[in-house]
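First comes the structure, then the notes that go with it.
For reference, positions follow the sequence shown, starting with 1. It should be emphasised that the depicted structure is a prediction, and the values quoted were computed from it without experimental measurement.
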Amino acid sequence: EQDRYKSLHLGRRILNRPLPELTLVDMRKESSQSAILSATLQKALTKTIQQGEQALIFLNRRGFATFLLCHVCGHVLQCSHCSVSLTYHQNEGNLRCHYCGWLRSIPQECPVCRNASLIFRGFGTERIEEEINKLLPTTGIVRIDRDTISRPEHVVQCLNAVRDRSADVLIGTQMIAKGHDFPNITLVGIVNADTALQIADFRAGESTVQLLMQVAGRTGRGEKPGRVILQTYNPAHYTIEAVLRMEYDLFCKKELDSRKELQYPPFTKMAKFLVTASLEEVTRKAAEELALVCRQVAQEFRRQRRPIAILGPTPAPLTRLNRRFRWQLFAKAWTSQNLQDFIAKVSEEGGTAKGLRRARLNIDRDPVTTL
């Protein structure tokens, strides 16, 4: 809009193919029997296979169950190295951390209250595969995610299985969302379309709408028209509305209004200061000392009529990864030069701060993610 960059629009599909028909399913109204694959998606999937066509089922979450919960005390089993829940993988028969790779067996009782009342909750691509196997037991299924693909040749084998029709249902995460061209895929099912919207990141909506529009584009690429069934618990969210209408500009307009009100990029320039250490108390004190330095420098800049805003410090959303605790704070400026000079000044003064000597400091200019 400001003509700093040239805007390029792809106004039509190859050979003027029509855009797929998009159907929204409000999962709040589904029964417990169709809590994973809605009745609409099950019916469409069955019909697609009966007509000799292929389908793609997308869920950007791997594993069989996303966490193991104690039904008595509510404890969720977490990784011993990271502050994230462990994911259950049925094929492997274990619990795995998707950040550091740590594995453990399934306990017989809750480690907190000692009750044998552990239940699986949530679901990933492995569970989707099981559900479709029940629905279509004679249909060839291929699953592509980081659990099934260990080498590049595995990807080729799986994709060839779809091309030569030895598999008619392709299940996967974002690995299958972009760049693939299967002319006989006439149905795309998007399971839990709004999962990524819950991430504590101001860019969550942006990445979600891009990903969903990309995966919707995998259908209807041949002579037969395509259909997309989008399952969501947030049907009124403007991100979902934009995907249903396949209008990225609609999303941008509403997102820009929100960003402007909150003064987030592109209306400001941002830097993330991430403090990590192996001890929680050391991390916290280092982050607080860094915040003090940042606020002192910001005050100097304000006296020079160069406004800088400081947010934090707070524990990072992923508070512990690979045995290191993480705290972060953000600096916002209204010009690139002011932010660059602020970072340089904080780096200089922070180098003499006693508390920061026992921790690591990573400065990310224009961070892609705030996690």
**OP:** Indicate yes or no for a side-chain donor-acceptor contact from R302 to the backbone of I308 under 3.5 Å, with no hydrogens or angles considered.
**Re:** yes

**OP:** Give the minimum heavy-atom separation between F325 and E280, together with the two atoms involved.
**Re:** CD1-N, 3.4 Å

Subject >> CD1-CG distance between I185 and L56, expressed to the nearest 0.5 angstrom >> reply: 5.0 Å

Original post:
Are any of the side-chain heavy atoms of W327 and L290 separated by less than 4.5 Å?
Top reply: no

Original post:
Looking just at side-chain N and O atoms, do T148 and R143 make a donor-acceptor pair shorter than 3.5 Å?
Top reply: no

Original post:
Which distance, rounded to the nearest 0.5 Å, do you find between the CZ of F123 and the CZ of R61?
Top reply: 7.0 Å

Original post:
Is R320 close to C79 at the side-chain level, that is, under 4.5 Å between some pair of heavy atoms?
Top reply: no

Name the atoms and distances for all side-chain donor-acceptor pairs under 3.5 Å in residues 32-45, with sequence neighbours left out.
from : atom 1 : to   : atom 2 : distance (Å)
Q33  : OE1    : S31  : OG     : 3.4
S34  : OG     : E30  : OE1    : 2.8
S34  : OG     : S31  : O      : 3.4
S34  : OG     : S31  : OG     : 3.3
S38  : OG     : L41  : N      : 3.2
S38  : OG     : Q231 : OE1    : 2.9
Q42  : NE2    : L37  : O      : 2.7

Subject >> Non-hydrogen side-chain atoms of T276 and T283 separated by less than 4.5 Å >> reply: no

Original post:
Do L197 and L24 share a hydrophobic cluster, counting only Ile, Leu, Val, Met, Phe, Trp and Tyr and linking them when any side-chain heavy atoms are less than 4.5 Å apart?
Top reply: no

Subject >> Y99 atom OH, over 12 foreign heavy atoms within 6.0 Å >> reply: no

Original post:
Taking D181 as the fixed residue, which of R221, R163, R218 is the one that meets the side chain to side chain donor-acceptor pair (under 3.5 Å) rule?
Top reply: R221

Original post:
Going through the distances and angles, do E247 and E241 end up as a side chain to side chain contact (heavy atoms under 4.5 Å, CB included)?
Top reply: CA-CA 9 Å; E247 293 182 13; E241 180 188 359; over 6 Å; no

Subject >> Non-hydrogen atoms of R13 and G220 that approach each other most closely >> reply: NH1-O, 3.5 Å

Original post:
Okay, side chain of H154, backbone of I144: is any donor-acceptor separation there less than 3.5 Å?
Top reply: no

Subject >> Among R96, Q90, H89, the one residue meeting side chain to side chain donor-acceptor pair (under 3.5 Å) with E92 >> reply: R96

Could you pull out all donor-acceptor pairs under 3.5 Å where a side-chain atom in residues 103-115 meets a protein atom, sequence neighbours excluded?
from : atom 1 : to   : atom 2 : distance (Å)
E109 : OE2    : R114 : NH1    : 3.4

**OP:** Look at E289 together with K285 and state whether they make a salt bridge at an N to O cut-off of under 4.0 Å.
**Re:** no

Original post:
Would the number of heavy atoms belonging to other residues, nucleotides or ligands and lying under 6.0 Å from CD of Q304 be above 12?
Top reply: yes

**OP:** Determine the minimum heavy-atom distance between T66 and S85, stating which atoms define it.
**Re:** O-OG, 3.6 Å

**OP:** Measure the CZ-CD distance between F251 and Q210 for me, rounded to the nearest 0.5 Å.
**Re:** 7.5 Å

Original post:
Any Lys/Arg nitrogen of E53 or R227 sitting under 4.0 Å from an Asp/Glu carboxylate oxygen of the other?
Top reply: no

Original post:
Does any N or O in the side chain of R324 come within less than 3.5 Å of the main-chain N or O of V275, such that one atom is a donor and the other an acceptor?
Top reply: no

Subject >> Check: W334/Q263 side-chain N/O donor and acceptor closer than 3.5 Å >> reply: yes

Original post:
Given the rule in the side chain to side chain contact (heavy atoms under 4.5 Å, CB included) test, do K345 and Q296 qualify, once you have shown the distances and angles that lead to the verdict?
Top reply: CA-CA 10 Å; K345 184 69 172 176; Q296 289 172 345; over 6 Å; no

Original post:
Can you check whether R62 reaches T87 side chain to side chain, under 4.5 Å on heavy atoms?
Top reply: no

**OP:** Consider only side-chain heavy atoms of I, L, V, M, F, W and Y, link residues closer than 4.5 Å, and tell whether I343 and F330 are in one cluster.
**Re:** no

Original post:
Between the side chain of T219 and the main-chain N/O of T186, is any donor-acceptor distance below 3.5 Å?
Top reply: yes

**OP:** Determine the interplanar angle of the F273 and F342 rings, folded into 0 to 90°, and report it as parallel if under 30°, tilted if 30 to 60°, perpendicular if over 60°.
**Re:** perpendicular

Original post:
Where do A331 and L339 come nearest, in terms of heavy atoms and distance?
Top reply: O-CD1, 4.1 Å

Subject >> L356 with V282, same ILVMFWY side-chain cluster at under 4.5 Å >> reply: no

**OP:** For the residue pair C97 and V84, establish whether any side-chain heavy-atom pair is separated by less than 4.5 Å.
**Re:** yes

Subject >> Short side-chain to backbone donor-acceptor contact, S83 and T319, under 3.5 Å >> reply: yes

Original post:
Rounded to the nearest 0.5 Å, how far apart are CD1 of I14 and CZ of R17?
Top reply: 7.5 Å

Original post:
Roughly how far, to the nearest 0.5 Å, is OH of Y238 from NZ of K253?
Top reply: 11.5 Å

**OP:** Working to the nearest 0.5 Å, report the span between CZ of F202 and OH of Y264.
**Re:** 7.0 Å

Original post:
So which heavy atom on K269 is nearest to which on T335, and how close?
Top reply: CG-C, 3.9 Å

**OP:** State, yes or no, whether a side-chain contact exists between N192 and Y233 at a heavy-atom distance under 4.5 Å.
**Re:** yes

Original post:
Parallel, tilted or perpendicular: which fits the ring planes of H180 and F182, with parallel below 30° and perpendicular above 60°?
Top reply: parallel

**OP:** Just do the side chain to side chain contact (heavy atoms under 4.5 Å, CB included) check on T239 and K254 with the steps written out, would you?
**Re:** CA-CA 9 Å; T239 295; K254 294 190 176 183; over 6 Å; no

Subject >> Side chain R326, main chain L321, donor-acceptor under 3.5 Å >> reply: no

Original post:
Are the side chain of Q51 and the backbone of T48 linked by a donor-acceptor contact shorter than 3.5 Å?
Top reply: no

Original post:
Taking atom CD1 of I119 as the centre, does the number of heavy atoms from other residues, nucleotides or ligands within less than 6.0 Å exceed 12?
Top reply: yes

**OP:** Start with the C-alpha gap between E130 and E126, add the side-chain angles, then the distance that decides, and say whether side chain to side chain contact (heavy atoms under 4.5 Å, CB included) holds.
**Re:** CA-CA 7 Å; E130 180 181 88; E126 191 177 344; over 6 Å; no

Original post:
Does D145 use its side chain to pair, donor to acceptor, with the backbone of G63 at less than 3.5 Å?
Top reply: no

Original post:
Honestly curious: do L212 and V228 fall in one hydrophobic cluster under the side-chain, below-4.5 Å linking rule?
Top reply: yes

Expected list for residues 360-371: side-chain donor-acceptor pairs under 3.5 angstrom, two or more places apart:
from : atom 1 : to   : atom 2 : distance (Å)
R365 : NH1    : Q340 : OE1    : 2.6
T369 : OG1    : D201 : OD2    : 2.9
T369 : OG1    : L371 : N      : 3.1
T370 : OG1    : A200 : O      : 3.4
T370 : OG1    : D201 : OD1    : 3.2

Original post:
Do N133 and E129 have side-chain atoms, one donor and one acceptor, less than 3.5 Å apart?
Top reply: no

Original post:
Would you find more than 12 non-hydrogen atoms of other residues, nucleotides or ligands less than 6.0 Å from E153 atom CD?
Top reply: yes

**OP:** State whether the side chain of Q174 and the backbone N or O of V215 hold a donor-acceptor pair below 3.5 Å, judged by distance alone.
**Re:** no

Original post:
Is the CZ atom of R323 crowded by more than 12 outside heavy atoms at less than 6.0 Å?
Top reply: no

Subject >> Smallest separation among heavy atoms of T125 and L59, with atom names >> reply: CG2-O, 3.4 Å

**OP:** Compute whether any side-chain donor of one residue and acceptor of the other, for H237 and D194, lie under 3.5 angstrom apart.
**Re:** no

Original post:
Any link between Y88 and L68 through a network of hydrophobic side chains (Ile, Leu, Val, Met, Phe, Trp, Tyr) touching at under 4.5 Å?
Top reply: yes

